[in-house]
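Accompanying notes for the structure given below.
Chain naming here is simple, since letters A, B, ... match the order of the sequence lines and numbering starts at 1 in each. In what follows, every heavy atom counts, from backbone to side chain, and hydrogens, waters and symmetry copies are set aside. Predicted model only: the values in this text are computed from it and were never measured.
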Amino acid sequence: MKKQMRTSIAAIAAASIFGAGAAMADEEAELIINGEIEIVTKTAAPAHAENLGEVLSGWRFRSDTTQEMQMDDFDNPGMIWVESAAEAWATAEGTEGKSCADCHGAPEDMAGVKAVYPKWNEDAGEVRTLQMQMNDCRVNRMGAEAWGTDKGNSIPMEALMASVSRGMPVNVAIDGPAQSTWEQGKELYYTRTGQLELSCANCHEDNYGNMIRADHLSQGQINGFPTYRLKNTKLNGVHSRFKGCVRDTRAETFNPGSADFVALELYVASRGNGLSVEGPSVRN
Amino acid sequence: MKRTTIALAALLAGLGMANAETVAPTNVTYEEGAVALSLTGVPGNPMEGAKVVSTKSQGNCVACHEISDLADVPFQGEVGPLLDGAGDRWTEAELRGIVANAKMTFEDSLMPSFYKTEGFIRLGKAYTGKAHEGEVAPLLSAQQIEDVVAYLMTLK
């Protein structure tokens, strides 16, 4: 007993000698949540991600301790918001006196939905994110107010939708009527913005696996969103993350909810086709 | 010998000898990526240069490059090549060109252009995410470029 403790102390000491940079992920670790949900964090890249051989979840780039937090829902702080969203799911709101549950049943009945968003909506003639679709229900079916993008209840509800799809492969459609939006997103992904003139691809395609100062660059995949970040101790939405990355190129950002970010979300999601839905994930 | 040069350079910089004509970012002449003329006419100060290279709000070169000479600066990046020996591999004019605008030496380089004020897409106001307004300042001043070049020349 005592001996075991000594070794772990020694291990901790050794880790700190190499500094925080040594808190590197175990490259071969696999993610199984609650001992039962198997998550694909590495797989062959879809053909349309033509410059990638394989696609990797951001989970693989995080430290062992951050990785472990996502392996059990009791350790995953993001699940607190999922629980609150489950309540909101069953609560009637708006002039129609309806709740999400009245139309859709249990949250679990929505398994598979998150995996195919953003998605073309025929009636509206546009590509919609899951948040846009939730707001369509709120405004047109419940007579309730729309939620702001990545604000208030929209993130917890998106996390609830993600949580019931965990383990299912991301599979967003990029052909047919969605194609032009997808092309627009792709264009943005490769545009070098700001005074640093960096594109998403410069960091997340050309340099994933490399350190940029203290950050271990991942592929910038969004299969794990919404994501709980240790840095700001809350759940973060995709558009907020995009905004932060664009800002870091010393550029004028796009707004969360803008057509540009909707297109970028479709494009980035499609680069992760084949990875499992993982949200709410844990990142640093 | 080296020590005296450094001390002398520091002294000159300290005396504020920036009276020579400074070359504006839009007037720099690149020849195959290299810039022969000093941007300020004031010799660079390698100690100041080392500071610019390792400070986040300045050059932050270590975000992308590792430099063994600066071993005490934590979290050096691996996006660009190791800069050890840069002063052997390149002439002063070539280094001035690379630091001022690396894209003149390496086509489509990932490396930001530190002495450039035009041709940006969606230029922001520093790291605020807001649109830039008014005159554009380069990422580094002319003298900071000279200081960085002087520092890189010591990496032999």
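- Interatomic distance, OG of A/S199 versus CD1 of B/I121, reported as 10.0 Å (0.5 Å rounding).
- Atom CE of A/M211 and atom SG of B/C64 lie 12.0 Å apart (nearest 0.5 Å).
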Could you please spell out the steps behind the side-chain contact (heavy atoms from CB on, under 4.5 Å) verdict for A/R213 and B/V62?
-> CA-CA 7 Å; A/R213 203 80 210 235; B/V62 292; 3.4 Å; yes
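- Residue-environment remark: NZ (B/K103) exceeds the threshold of 12 foreign heavy atoms within 6.0 Å.
- A 6.0 Å sphere centred on CD of B/E31 holds no more than 12 heavy atoms belonging to other residues, nucleotides or ligands.
- Of the two parts of B/T117, neither the backbone nor the side chain holds a non-hydrogen atom closer than 4.5 Å to a non-hydrogen atom of chain A.
- Heavy-atom distances place the side chain of A/D206, and not its backbone, under 4.5 Å from chain B.
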Check against side-chain contact (heavy atoms from CB on, under 4.5 Å), A/Q195 and B/V136 = CA-CA 10 Å; A/Q195 197 162 4; B/V136 181; 4.2 Å; yes
Please walk me through it: do A/T193 and B/L123 pass side-chain contact (heavy atoms from CB on, under 4.5 Å)?
-> CA-CA 7 Å; A/T193 58; B/L123 181 63; over 6 Å; no
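- Heavy atoms of B/K116 lying under 4.5 Å from chain A belong to its backbone as well as its side chain.
- The distance from atom CD of A/E252 to atom OG1 of B/T128, rounded to the nearest 0.5 Å, is 9.0 Å.
- Atom CZ of A/R229 is surrounded by more than 12 heavy atoms from other residues, nucleotides or ligands within 6.0 Å.
- With rounding to the nearest 0.5 angstrom, the CG atom of A/N202 is 14.0 Å from the CE atom of B/M111.
- The distance from atom CG of A/L196 to atom OG of B/S113, rounded to the nearest 0.5 Å, is 10.0 Å.
- Figure legend: A/R250 and B/F120 shown without cation-pi pairing, the cationic atom not lying both under 6.0 angstrom from the six-membered ring centre and within 45 degrees of its axis.
- One distance of note links CD of B/E78 with CD1 of A/I212; it measures 10.5 Å at 0.5 Å rounding.
- For chain A, the option among B/G119, B/P74, B/G80, B/A126 with the highest count of heavy-atom pairs below 4.5 Å is B/A126.
- By the 6.0 Å contact criterion, CD on A/E50 is enclosed, its count of non-hydrogen atoms from other residues, nucleotides or ligands being greater than 12.
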